[in-house]
Amino acid sequence: MEFSRHVTDGSADGIEQELSWQIPLYEQLHRHPELGLAEHETSAAIAAKLAGWGFDVRHFGGTGVVGVLANGAGPGVLARADMDALPVTEATGADYASAVPGVMHACAHDMHTVALLGAAKYLAEHREGWDGTYIALFQPAEETAAGSQAMLDDGLAAGVPQPDVALAQHVMPTEAGTVGTTPGPILSAGDSVRITVHGRGAHGSMPHKSVDPVVLAASIVLRLQTVVSRETAPGEFAVLTVGSVQAGATANIIPDRAELLLNLRNYDLGLRARMIDGIERIVRGECAAAGSPQEPDFEYYDQYPLTSNDPEANAWVTAAFTRTFGADAVYRTSPQTASEDFSRIPDAFRIPYVYWVVGSVPPDVYRRAVDNGTADTDIPANHSPFFLPAVDPTLRTATQAQVAAALAFFGPEAGEVQA
Ligand code: ZN
Ligand code: ZN
């Protein structure tokens, strides 16, 4: 089939043409980043484009935009991009660097957005090559873990046709032109915890009249290290970071409370539950040991679900990528310790999903850094003020990946796992 060759022979002529409008749009979005739930101009630009290509456009969760393109009785494929920027001051020096002080697309969500738009336009203009319903979903506020839930709370699940599979991707500081997939966990579940422990304040010269929350907090920080080192089996993945400890304001006053902020990451929800039990047990135990006058308070926030790829759907997508990019450009990625709120969407529809990563560093730069053993220090990663994907081929690869992954389910080679 002619269309099939277009996207599977690696030359992807059609996608080349899309780059002529995609690159200026990418630079425009990069220059005008918008923070989570405030993606007003980004959202309006997306909605206008989708409508112009014949998509049925709907809005959920404020700035969330969904375009639905019904094209026959085949499967429904939902593809999602995030749109929000970060409170970071850009330092890349790019001529399309952010014009908004203190706000930057430092996580490539502008790239995800323009790649998904490219795929949407391509599929809209090549309807003879696939059979099904394409749902292009643009989500706000990924960085605060609020956006997918905001869209669901606003009726997303009942407001679009039921899809059969969901797709999403993320640009990473790996070699541009490559894509990484894996069955099973690819991003961790993440939780933040605010713990307040209570002491009894006193003059700094009269410690015997106090219950010192500074000493209590210090003891908790050390003891919490054993949740991973002593209570989690070697080889199981778990992260527990105490990112903030706050107590008191001056040298000669013992304060009456301390606040600790923790961050947890897991690939296994059973282990996550055991870690939370361990944290609460240790904090309560240390408070009892200190004679704390009041039970500690636990507040859980910024909670991200686990992202774990369906093995069969991942095999279809991986085979499609291998046909599109060649075997050398497709690798099996190890799970990332970062987290995402994407999986709430397929979980709400009770459908499988595939999430993959796309490289963004010029191959010569990447290989030199790997050869020198300096990839982790020399290559700016996501959220760095210096993070700057190579526009080409990253945008081309990300767009082709979205097209190829959708066709893996409703294209002429749907369901083929032999590359
Ligand atoms: Zn990010
Ligand atoms: Zn991101």
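Ligands are counted one by one from 1 in listed order, and the atoms in each one are counted from 1 as well.
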With a 4.0 Å cut-off, would you call E18 and K121 a salt bridge?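 Looking at E18 and K121, the cut-off is met.
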Does any donor atom in the side chain of D341 or Q139 lie under 3.5 Å from an acceptor atom in the other side chain?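 Note: D341 and Q139 side chains meet the donor-acceptor criterion.
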Is the Zn ion (ligand 1) under 2.8 Å from any N, O or S atom of H383?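 Coordinating: yes.
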The Zn ion (ligand 1) - closest N/O/S atom in E143: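 Going through the N, O and S atoms of E143 one by one, OE2 ends up nearest to the Zn ion (ligand 1).
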Taking the Zn ion (ligand 2) as the reference point, name the nearest N/O/S atom of H109.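 Among the N, O or S atoms of H109, the one closest to the Zn ion (ligand 2) is NE2.
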With side chains defined as the heavy atoms from C-beta onward, is the minimum distance between H383 and C107 less than 4.5 Å?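 Counting from C-beta outward, H383 and C107 do come under 4.5 Å.
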Are side-chain heavy atoms of L395 and L19 found at a separation under 4.5 Å?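 Yes, their side chains come closer than 4.5 Å.
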